[in-house]
Amino acid sequence: MKRTHTCGELRKSDVGKDALLLGWVNIRRDHGKLLFIDLRDRYGITQVLFDSKILPSSKSLHSEDLIAVKGKVNERPEGSINGKIATGEVELFVEKFFLLGKSKELPFEISGKSKVAEDSRLLYRYLDLRRPIMQERIILRYRVIKSIRGYLDQKNFLEIETPILTKSTPEGARDYLVPSRISPGKFFALPQSPQLFKQLLMIAGIDKYFQIARCFRDEDLRADRQPEHTQLDLEFSFVTPGHIFSIIEEMLSLLFEKFLSLKLSLPFPRLKYADAISRYGSDKPDLRKEKKENFCFVWVEQFPLFQYNKEEKRLESEHHPFTSPMEEDVPLLEKEPLKVRANAYDLVLNGEEIGGGSIRIHQRELQERIFEMIGLSREDYLSKFGFLLDALEYGAPPHGGIALGLDRLLMFITGADSIREVIAFPKAGDGSCPLTGAPSEILPEQLKDLSLKVDKKEIK
Ligand code: ASP
């Protein structure tokens, strides 16, 4: 049973041909002796026609049954041409059909436009993803990522995977931890970002790196946050922020032109953090009104290097501790640390941060000073980041990079109103996965293997 065409493929030029289509019953229209079905697959919809010889009872086919139909391609009679679909000039007159998969009664309508509760959509995500709007988004996501890869490849970037089971890479959130069975009592951390590995790649001589990277951050839940998200992660050697900005600007303008037919005006405006705060009262200014444009990108740069953590009575990094101070502010480090500006930048789109990065520290001595200033003891920073400090002593190039939140960028490109709309299998608002039931308890044997015990008294 080999399909000859997809459900989006037949045209007037195919009239008279035999075709075999495979698809789901989208909508059925029962006209007594004739049953019309819109047959759907991910490529489109084709109208197929059954008479009572082939299908004695129209009731034997239901929405979302999966069928194979074989027959002749006919031209639709004038008056029944459907200009809204690409196959709208033809229909398939069924001579044989096979029921490949029967569908149970559906928890919600797939072909309809009515709003479905999100918990139900996430529970039956495989049905939700059949809806054409979701298919468009998932396909668009693939195409956007493919275009990014193509563009960066042309610019000589190498896509390199970095480990998922790793050591903590601080980005200001809690780590997701994975206990090690082989080393009882020890844990891997899932990466909050590939930060340290991409820096090591620069030291390894890979001067242009990127990755479509999955990042894991155990944060308190906020609306539209995902415990895991995807970022476009880049790192370059021998760069200034300006080089980084122009690569990102060119890439975004290609994407916006290709996927939204929109011409972005380049270069994006650049605002110093202090000016953003004094002019707009925000480090994420929305310049749409001022510029009179639907999309407004702006670079905000020269953030403070530190902020003061009142509870812990110590300095902490505003970005992350690998960010370099502006060269002219280095003399202020010990005397007036809160005045030191970082060589760090954010990319803001319509008032939302969609990316951020920095030029990094590439000298061991300065990196150690920063660790000390944020209150890490020598013992602490050597045990956490000793490998990075050692690597910095072997001809480390000056380097910097950036990461863009891909899910959020896709939200803008698709016009979706939530990050969950552009992720195939997102977590629900409470961080759980309704479809699989994760997170879930594990078997006592599994805990034993890991030398772990759950303290039930601690569970509220
Ligand atoms: N590692 C940073 C982040 O994930 C981005 C960067 O500095 O390149 O936010």
Side-chain angles (χ1 to χ4, degrees), residues 148 152 157-164 166-176 189-203 206-219 222 225-245 247-248 251-252 273 283-284 299-307 316-326 341-349 352-362 367 370 374 384-385 388 396-409 419:
I148 291 175
L152 291 173
F157 283 78
L158 297 176
E159 182 172 17
I160 300 177
E161 289 160 275
T162 53
I164 294 292
T166 180
K167 240 182 147 164
S168 175
T169 48
E171 296 284 352
R174 279 196 197 89
D175 290 318
Y176 276 100
L190 302 184
Q192 291 187 38
S193 87
Q195 185 61 38
L196 297 177
F197 287 101
K198 65 176 174 173
Q199 292 193 232
L200 294 178
L201 285 171
M202 295 305 107
I203 297 172
I206 306 293
D207 60 1
K208 290 178 175 181
Y209 141 96
F210 83 100
Q211 186 178 186
I212 307 293
R214 200 63 73 81
C215 302
F216 306 85
R217 298 183 188 179
D218 188 0
E219 290 174 291
R222 270 195 252 153
R225 269 271 163 99
Q226 287 285 305
E228 54 184 301
H229 69 273
T230 307
Q231 67 187 29
L232 168 61
D233 196 52
L234 297 116
E235 196 75 9
F236 323 48
S237 294
F238 321 115
V239 277
T240 60
H243 288 127
I244 297 175
F245 296 176
I247 290 278
I248 298 296
M251 182 188 80
L252 288 172
Y273 168 86
D283 58 0
K284 301 178 193 47
W299 293 105
V300 179
E301 50 185 342
Q302 302 184 11
F303 279 77
L305 187 65
F306 301 113
Q307 59 194 13
E316 62 187 15
S317 302
E318 167 91 23
H319 188 47
H320 52 54
F322 317 104
T323 296
S324 77
M326 303 280 297
R341 291 163 306 160
N343 214 337
Y345 31 81
D346 274 358
L347 181 59
V348 174
L349 170 57
E352 270 196 59
E353 180 202 324
I354 60 157
S358 61
I359 302 298
R360 326 297 184 188
I361 296 167
H362 70 283
Q367 185 65 76
I370 300 293
I374 59 172
K384 285 190 175 136
F385 307 118
L388 174 74
H399 60 284
I402 189 165
L404 301 187
L406 206 59
D407 306 306
R408 228 156 263 288
L409 186 65
I419 201 171

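As the structure is a computational prediction, the values presented were derived from the model and not from experiment. First listed ligand is number 1; within each ligand, the first listed atom is number 1.
- With R360 as reference, E235 is the one residue of Q199, H399, E235 to meet the side-chain hydrogen bond (donor to acceptor under 3.5 Å, both in side chains) rule.
- Residues passing the side chain to side chain contact (heavy atoms under 4.5 Å, CB included) test with S317 are P321, I374, sequence neighbours excluded.
- Using a cutoff of 4.0 Å between basic side-chain nitrogens and carboxylate oxygens, K198 and D233 are scored as salt-bridged.
- Listed by chain and residue number, the protein contacts of ligand 1 are E171, S193, Q195, K198, R217, Q231, H319, H320, G356, G357, R360, G401, I402, A403 (heavy atom within 4.0 angstrom).
- Judged by the 6.0 Å distance and 45° axis criteria, K208 is not positioned over the aromatic ring of F236.
- Between F245 and Y345, a ring centre-to-centre spacing shorter than 6.0 Å is recorded.
- Between R174 and E219, no side-chain nitrogen of the basic residue sits less than 4.0 Å from a carboxylate oxygen of the acidic one, so the salt-bridge criterion is not met.
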